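These numbers come from a predicted model, not from an experiment. As the structure lists them, so they are numbered: ligands from 1, and atoms in each ligand from 1.
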Amino acid sequence: MEHAEWARELAEHFLREPLPRRWAHTQGVAARAVSLTPILGEHADLLITAAWLHDIGYAPDLVDTGFHPLDGARYLRDVQRVDDTLCGLVAYHSGAINEARERGLIDLLTAEFREGRPELAEALIYCDITTGPNGERFTVHERLAEICARYGPGDLVTRVIGINESLLLAAVASVEAALADVR
Ligand SMILES: [Fe+2]
């Protein structure tokens, strides 16, 4: 768990003080990732590392474009020299490609980062979207409703949730099926 421990410390450094709720959410997402260890096999450390780092781009010190998946992935690539696979997981996490399209940032995102293995992207969606804003466990429907309520009906994020809903539900169903298989 060497990478995961490094990632935990990095996320804590950037999030805990300025964004305590985001830090609480991140801890919950990482705990969910740990719970997926039985279905992740050799990729467990990578997924747990990505869970710690997925929202690091919200950190005030790292905001550049204001689109947190891209800002976080750029910091990891340019400053931390993190490999393509991990940067890709952060850059594209939880349907970020559709938000990038809405924000006019899709050309930048796709030019700079590659989307990784679909099963890892799905696992990260599961962890993110079944964790509430304070790190609590949520159903996917509770989480989607919470995000839409937090941002409000006219917001771009709420619109993107509508676009991403089927993708997010499919990812959660796929991970739940894999978990059921190993139980
Ligand atoms: Fe995020």
#### Entry: Heavy atoms from other residues, nucleotides or ligands near CD of Glu17 exceed 12 (cutoff 6.0 Å)
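No.
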### Message
Tell me whether the count of non-hydrogen atoms from other residues, nucleotides or ligands lying under 6.0 Å of CZ in Arg114 goes above 12.
### Response
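12 or below, so no.
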### Polar protein atoms (N, O or S) that approach the Fe ion (ligand 1) to under 2.8 Å
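The answer is Asp55 OD1, His68 NE2, His93 NE2.
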### SB check Arg143 Asp128 (cutoff 4.0 Å)
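Counted as a salt bridge, because a side-chain N and a carboxylate O are separated by less than 4.0 Å.
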### Query
For Phe14, which of Trp23, Trp52, Tyr75, Tyr58 qualifies under ring-ring contact (aromatic ring centres under 6.0 Å, His included)?
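Only one option passes, and that is Tyr75.
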### Query
Looking at Thr26 and Ala51, what are the two nearest heavy atoms and their distance?
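Minimum heavy-atom separation between Thr26 and Ala51: CG2-O, 4.0 Å.
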### Considering all heavy atoms, the nearest Ile106-Ile97 contact
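It is CD1-CG1, 3.8 Å.
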